[in-house]
Trainee: 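For reference, the structure I am asking about is given below.
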Amino acid sequence: MPLSSFAVPTGAVLNLCGSGVYALRTLRGSVRPNPVTWLLWALAPGVAFTAQVARHAGLPALTTLSVGLGPLLVFLCVFSRPGFRSARPTRSELCCAALSLGALVGWWITAEAESTLALSILADGCAAVPTVVKCYRHPETEERTVYALMALSAVLTLITLRTWTFTTAGFACYLLTLCVTLLILLGRRSGQSGLGTLPP
């Protein structure tokens, strides 16, 4: 049995498990996800998954799909918390959302798979900005498990690739880079003293 037949589905399950833990802690109020980021994180991988399927990317597309389903679960959990629902997006968050949605619109304009995938990565990156900023300013409001498992799933996908192309490896490389960045920022948590009042 090829390594990819085991490693890639395992990575997808890890993604979903990490998001499940994060969603549960969102319900408990121990973390406070940025709803703009998590909504767009659900949309952008959906576009990337579509592009990968169109180019017959195979199992690596499973990682991309799982990366989209997990944030959708987290986003739904955000709105079960009354305090989270009342928080309004800032102008900078709305700007990032507009850039992200603009990149997604590009998917409707081009039928070329590589361009679609590039635009979806751009959209996902723009969506990540509010959470990157929050991890830097308020690491106590985040949880590392989900990002660690996402990074591990990206590694599992990459080590199983027989042929490295932008279509097969692009999203996994981006995901690994993003998660490592977030984990580094969250490493500052050791200097924090408890959750206190969770900022938006």
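Remember, it's a predicted structure, so these values are computed and weren't measured experimentally.
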Trainee: Determine whether Leu183 and Tyr22 fall in the same hydrophobic cluster, where Ile, Leu, Val, Met, Phe, Trp and Tyr are linked whenever their side-chain heavy atoms lie under 4.5 Å apart.
Mentor: yes
Trainee: Tell me whether Leu27 shares a hydrophobic cluster with Val21, the cluster being built from Ile, Leu, Val, Met, Phe, Trp, Tyr side chains joined at under 4.5 Å.
Mentor: no
Trainee: Looking at Arg32, is its backbone amide N or carbonyl O close enough to the side chain of Lys134 to form a donor-acceptor pair, meaning the two atoms are under 3.5 Å apart?
Mentor: yes
Trainee: Considering non-hydrogen atoms only, spot the tightest contact between Ser153 and Leu175 and give its length.
Mentor: OG-CD2, 4.3 Å
Trainee: For Ala128, is there any backbone N or O sitting under 3.5 Å from a side-chain donor or acceptor partner on Thr131?
Mentor: no
Trainee: Just how far is it from atom CZ of Phe75 to atom CG of Leu40, taken to the nearest 0.5 Å?
Mentor: 9.0 Å
Trainee: Keeping the roles fixed (side chain from Thr26, backbone from Val74), state whether a donor-acceptor pair exists under 3.5 Å.
Mentor: no
Trainee: Checking the side chain of Tyr174 only, and the main-chain atoms of Asp124 only, is there a donor and an acceptor separated by less than 3.5 Å?
Mentor: yes
Trainee: Identify whether Leu39 and Val129 are in the same connected component of the hydrophobic contact network (ILVMFWY, side-chain heavy atoms under 4.5 Å).
Mentor: no
Trainee: I need the Glu140 CD to Cys135 SG distance, nearest 0.5 Å.
Mentor: 10.5 Å
Trainee: Cys179 and Met150: which non-hydrogen atoms are nearest, and at how many Å?
Mentor: SG-CB, 3.4 Å
Trainee: Quick one: does Ser19's side chain have a donor or acceptor within less than 3.5 Å of a partner on Leu16's backbone?
Mentor: no
Trainee: For a 4.5 angstrom cut-off between non-hydrogen side-chain atoms, does Pro139 reach Leu185?
Mentor: no
Trainee: Say you draw a straight line from OH of Tyr136 to OG1 of Thr181; how long is it, rounded to the nearest 0.5 Å?
Mentor: 14.0 Å
Trainee: Check for a donor-acceptor pair, side chain of Thr37 on one end and backbone N or O of Ala127 on the other, with a separation under 3.5 Å.
Mentor: yes
Trainee: Restricting to non-hydrogen atoms, name the atom on Leu73 and the atom on Gly20 that form the minimum distance, rounded to 0.1 Å.
Mentor: CD2-CA, 4.2 Å
Trainee: Nearest 0.5 Å, please: how far is CD1 in Ile121 from CG in Leu178?
Mentor: 11.0 Å
Trainee: Identify the two heavy atoms, one from Leu158 and one from Ala172, that lie closest to each other, and give their separation to 0.1 Å.
Mentor: CD2-CB, 3.7 Å
Trainee: When hydrophobic residues are tied together by side-chain contacts of less than 4.5 Å, even through go-betweens, does Leu14 share a cluster with Val180?
Mentor: yes
Trainee: Looking at every heavy atom in both Thr145 and Glu143, which two are closest together, and how far apart are they?
Mentor: OG1-OE2, 2.6 Å
Trainee: Should Trp41 and Leu186 be regarded as members of a common hydrophobic cluster, given that ILVMFWY residues are connected when their side-chain heavy atoms come within less than 4.5 Å of each other, either directly or indirectly?
Mentor: yes
Trainee: Donor-acceptor pair, Thr168 side chain versus Trp164 backbone, under 3.5 Å?
Mentor: no
Trainee: Shortest non-hydrogen contact from Leu176 to Ala151?
Mentor: CD1-O, 3.7 Å
